[in-house]
Trainee: 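I am attaching a structure below and will ask some questions about it afterwards.
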Amino acid sequence: MNVRVLLADDQPLIRTALQMVITDAPDLELVGEAGTGTEAVRLTEELRPDVVVMDIRMPGMDGIQATRLITAGPADARVIVLTTFDEDDYVYGALRSGASGFLVKDMALDDILAAIRVVAAGDALIAPSVTRRLIEEFAARPQPGPRHRSLDGITDREREVLTLIARGLSNTEIATGLVLSVATIKAYVTRLLTKLHARDRVQLVIIAYEAGLVSASRGGQAPWTAP
């Protein structure tokens, strides 16, 4: 079944470029286009896309607010935030609103298509340049943020896996380091998502940093993809 995609961007040229490559992809289907955040929310409810490619700066309701409404709403759509801006405030705001990815518009179109497929499959990703800025933002805080309310409910092994996720390790790398099977690590990740009420691995990374499990001096770069 094709991945159903909704584009939300107030720049017609950007929408046209993405429309062409999405339409040419045999496994993707463009189901609609929006020029405002309000329209993106409405069309998501009406068309039920699998993935919404969302610009941040749009007239009226911006992409962050639209993403928050979409991810909290009845539609099961996942959101990729796509923008020309990669300032920390936008990155953090987009991820906290429930976005499953944050990409910049100067990425190759093929990489954007790959991102749509990754997010539609249930994974999450952030452009490498954006990831570095996100880690730096957490590291700049004088003290870790407050512990997540459910963090005390996880086991020592789950805490260890969460720490390694935040340090940027894939499931395969975590399995190798802990001398466990990849299937076992996937089970740990699933339990962490459930216990911490996280939508995906991006939110697990945020929770780990906010809880003080990882800092940029102890961790590496957060994940680009999450295999």
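All values derive from a computational prediction rather than experimental measurement.
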Trainee: Under the rule for salt bridge (charged side-chain N to carboxylate O under 4.0 Å, His left out), what residues qualify as partners of Arg68, not counting sequence neighbours?
Mentor: none

Trainee: Could you give the distance from CD1 (Ile116) to CZ (Arg4), rounded to the nearest 0.5 Å?
Mentor: 14.0 Å

Trainee: Spell out, yes or no, whether Leu193 and Val182 are grouped together once hydrophobic residues are joined by side-chain heavy atoms under 4.5 Å, including indirect joins.
Mentor: no

Trainee: What closest approach, in Å, do Thr67 and Ala99 show between heavy atoms, and which atom pair accounts for it?
Mentor: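 Minimum heavy-atom contact is CG2-N, 3.8 Å.
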
Trainee: For Asp76, look at atom CG and say whether over 12 heavy atoms of other residues, nucleotides or ligands are found less than 6.0 Å away.
Mentor: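 No - once you tally the heavy atoms of other residues, nucleotides and ligands closer than 6.0 Å, there are 12 at most.
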
Trainee: Salt bridge between Arg42 and Glu45, side-chain N to carboxylate O under 4.0 Å?
Mentor: no

Trainee: Any side-chain heavy-atom pair from Val5 and Glu29 closer than 4.5 angstrom?
Mentor: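 No, side chains not in contact.
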
Trainee: Say you draw a straight line from CD1 of Ile64 to CZ of Arg57; how long is it, rounded to the nearest 0.5 Å?
Mentor: 10.0 Å

Trainee: With no hydrogens and no angle check, is any side-chain donor or acceptor of Thr184 less than 3.5 Å from a backbone partner on Leu180?
Mentor: no

Trainee: So which heavy atom on Thr71 is nearest to which on Gly98, and how close?
Mentor: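 Looking at all heavy atoms of both residues, the shortest contact is CG2-O, 3.5 Å.
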
Trainee: Quick check for you: to the nearest 0.5 Å, what is the distance between Ile207 atom CD1 and Leu213 atom CG?
Mentor: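 Those atoms lie 10.0 Å apart.
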
Trainee: Atom CD of Gln11 and atom CE of Met58: how far apart are they, to the nearest 0.5 Å?
Mentor: 11.0 Å

Trainee: For Ile70 and Ala40, work out which heavy atoms get closest and say how close.
Mentor: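 Closest approach of Ile70 to Ala40: CD1-O, 4.2 Å.
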
Trainee: Is the shortest heavy-atom distance from the side chain of Leu162 to the side chain of Leu196 under 4.5 Å?
Mentor: yes

Trainee: Any side-chain heavy-atom pair from Arg117 and Leu28 closer than 4.5 angstrom?
Mentor: yes

Trainee: Determine whether a donor-acceptor pair (N or O, by modelled atom type, separation under 3.5 Å) exists between the side chain of Arg78 and the backbone of Ser100.
Mentor: no

Trainee: Is the shortest side-chain heavy-atom distance between Val51 and Leu6 below 4.5 Å?
Mentor: no

Trainee: Passes side-chain contact (heavy atoms from CB on, under 4.5 Å), Ile80 versus Met54? Steps please.
Mentor: CA-CA 6 Å; Ile80 297 175; Met54 179 81 71; over 6 Å; no

Trainee: When rounded to the nearest 0.5 angstrom, what is the spacing between CD1 in Ile154 and CZ in Arg159?
Mentor: 5.0 Å

Trainee: Within a radius of less than 6.0 Å around CG of Asp24, do more than 12 heavy atoms belonging to other residues, nucleotides or ligands occur?
Mentor: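 More than 12 within 6.0 Å, yes.
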
Trainee: Could you tell me whether the side chain of Asp62 reaches within less than 4.5 Å of the side chain of Gln65, counting heavy atoms only?
Mentor: yes

Trainee: Please give me the minimum heavy-atom distance between Ala66 and Gly37, naming the atom from each residue.
Mentor: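 Of all heavy-atom pairs spanning Ala66 and Gly37, the closest is CB-O, 3.8 Å.
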
Trainee: Apply side-chain contact (heavy atoms from CB on, under 4.5 Å) to the pair Val81 and Leu103, showing each step before the final yes or no.
Mentor: CA-CA 6 Å; Val81 172; Leu103 307 178; over 6 Å; no

Trainee: Could you give me the CA-CA distance, side-chain angles and deciding distance for Val161 and Arg191, then say whether side-chain contact (heavy atoms from CB on, under 4.5 Å) is met?
Mentor: CA-CA 11 Å; Val161 171; Arg191 287 200 290 271; over 6 Å; no

Trainee: For Gly32 and Leu47, work out which heavy atoms get closest and say how close.
Mentor: CA-CD1, 4.0 Å

Trainee: Return all side-chain donor-acceptor pairs below 3.5 angstrom for residues 12-22, not counting sequence neighbours, or 'none' if the list is empty.
Mentor:
from	atom 1	to	atom 2	distance (Å)
Arg15	NE	Glu33	OE1	3.0
Arg15	NH1	Asp9	O	2.5
Thr16	OG1	Pro12	O	2.9
Gln19	NE2	Glu33	OE2	3.0

Trainee: Do Ile185 and Leu164 have side-chain heavy atoms sitting under 4.5 Å apart?
Mentor: no

Trainee: Quick one: does Leu178's side chain get under 4.5 Å of Glu160's, heavy atoms only?
Mentor: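 The answer is yes, as the side chains (C-beta and beyond) meet within the 4.5 Å cut-off.
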
Trainee: Any side-chain heavy atom of Asp10 within less than 4.5 Å of one from Pro59?
Mentor: yes

Trainee: Measure the CE-CG distance between Met1 and Asp50 for me, rounded to the nearest 0.5 Å.
Mentor: 8.5 Å

